[in-house]
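Take a look at the structure below.
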Amino acid sequence: MSADLFCEIIAGERPAHIVHSDEVAVSFLDVRPVFKGHVLVVPRVHVETLADLADVGPFFERVQAIARAVEEGLQAGGTFVAMNNRISQSVPHLHVHVVPRHKKDGLRGFFWPRTTYDSAEEAQSYADLIGKAL
Ligand SMILES: [Zn+2]
């Protein structure tokens, strides 16, 4: 079994500010938050990426509940919910970031730099390539 940081938190071997824990997922504060109240939701089962997660439904129900709770509990205007898979993934254990957002909080988006499609045809070709893979 991989001894990554999140498996250690799940096993209770590493301290964390636990927000919620059940048989499916453990949610705790990111130690280096984008904004205070930034929660990581991790599946209890060790998987590295979204593609590896067998039963996505129950896990994303927890993500949804945390996103609601962050908004309500912190009186946030909204949330940013995101996941890195392999690239820019700091810990090789699937985790969803739930970040509280407020108007004028200064966050201009994670997905810089943005680009544009050269044409509608090019855009459609990307849509088709992804669609065919479903
Ligand atoms: Zn793990």
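Whatever order the structure lists ligands and atoms in, that order sets their numbers, starting from 1. We count residues from 1, following the sequence as given. Computed from a prediction, not measured in an experiment: that's the story for all the values here.
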inquiry  = Angle between ring planes, Phe6 versus His93, binned at 30° and 60°: parallel, tilted or perpendicular?
reply    =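 It falls in the perpendicular class, over 60°.
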Within 6.0 Å of NE2 in His17, more than 12 heavy atoms from elsewhere =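 Check fails, neighbour count at 12 or below.
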query = Short check: any N/O/S atom of Asp4 below 2.8 Å from the Zn ion (ligand 1)?
reply =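 Of the N, O and S atoms in Asp4, at least one lies under 2.8 Å from the Zn ion (ligand 1), which means yes.
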inquiry  = For the backbone of Leu107 and the side chain of Arg101, can you confirm whether one donor and one acceptor N or O come within less than 3.5 Å of each other?
reply    =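 Checked: pair present.
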query = Phe59 and Leu94: side chain to side chain contact (heavy atoms under 4.5 Å, CB included), yes or no, with the steps?
reply = CA-CA 11 Å; Phe59 177 67; Leu94 173 63; 4.3 Å; yes
key: Name, closest N/O/S atom of His93 to the Zn ion (ligand 1)   =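 The His93 atom nearest to the Zn ion (ligand 1), restricting to N, O or S, is ND1.
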request  = Output the atom name for the N/O/S atom of His46 with the smallest distance to the Zn ion (ligand 1).
outcome  =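 Sorting the N, O and S atoms of His46 by distance to the Zn ion (ligand 1) puts ND1 first.
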